[in-house]
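One-based numbering along the sequence shown. Every value quoted in this text rests on a predicted model; they were computed, and no experiment measured them. Because only heavy atoms are used, hydrogens play no part in the values below, and waters and symmetry mates are left out as well, while side chains stay in.
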Amino acid sequence: FYTKIRLVINEELFIEVRCNFRSLRQSYALIKQKDRIAGFDNLNGWHFHPAGRPRAHQKIRKPSLEEIFEKLHKIVVEFD
């Protein structure tokens with residue numbers, strides 16, 4: 001079972017949440033148009049894709065949903 005949710009911030013910016021309930025894979029990506037700006041996911045362990053270097057992987061402990069959305073909100077505020 002797989003779920004994808006798009007949280008629209010404005011016409012160019014959104015957060016895409018993907019969860020696979022069988023594999024327990026999760027991803028939270030801040031996207032402008034078609035490009036990931038930053039994000040979190042747990043493929044091969046939890047890691048963060050920092051703003052400005054979205055292909056980089058910073059290993060982290062498992063974040064809470066609150067931590068994920070607080071960080072993404074901070075990036076959105078800085079981005080605007």
Handout entry: Qualifying residues under side-chain hydrogen bond (donor to acceptor under 3.5 Å, both in side chains), relative to R55, sequence neighbours excluded
Key = none
Considering non-hydrogen atoms only, spot the tightest contact between [X] and [Y] and give its length.
X	Y	answer
A51	I75	CB-CG2, 4.0 Å
G52	P54	C-CD, 3.5 Å
P50	A56	CD-O, 3.8 Å

Handout entry: Residue of the set I31, L30, V8 for which side-chain contact (heavy atoms from CB on, under 4.5 Å) holds with L13
Key = L30
How long is the span from the [atom1] atom in [X] to the [atom2] atom in [Y], to the nearest 0.5 Å?
X	Y	atom1	atom2	value
L65	Q26	CG	CD	7.0 Å
S23	N42	OG	CG	7.5 Å
E78	K74	CD	NZ	5.5 Å

Problem - Shared hydrophobic cluster, F14 / F69 (ILVMFWY, side-chain heavy atoms < 4.5 Å) - result: no
Handout entry: Cluster overlap I60 with I15, hydrophobic side-chain contacts below 4.5 Å
Key =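 Yes.
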Practice task
Output all residues satisfying ring-ring contact (aromatic ring centres under 6.0 Å, His included) with Y28, sequence neighbours left out; order by chain, then residue number.
Solution key: none
Handout entry: Pair E67-K62, side-chain contact (heavy atoms from CB on, under 4.5 Å): steps then yes or no
Key = CA-CA 10 Å; E67 290 169 323; K62 181 180 179 179; over 6 Å; no
Handout entry: By side chain to side chain contact (heavy atoms under 4.5 Å, CB included) - contacts of H57 (at least two apart)
Key =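 Listed in chain order: H47, H49.
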Exercise for the section: Go through the structure and list residues passing side chain to side chain contact (heavy atoms under 4.5 Å, CB included) with I5, not counting sequence neighbours. Expected result: T3, L7, V17
Problem - Sequence neighbours excluded, every pair satisfying salt bridge (charged side-chain N to carboxylate O under 4.0 Å, His left out) that has a member inside residues 35-53 - result: R25-D41
Problem - Pair listing, salt bridge (charged side-chain N to carboxylate O under 4.0 Å, His left out) test, anchored in residues 2-15, at least two apart - result: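 Sorted result for residues 2-15: R6-E16, E12-K32.
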Sub-4.5 Å side-chain heavy-atom contact between [X] and [Y]:
X	Y	value
N20	F1	no
P63	W46	yes
E66	K71	no

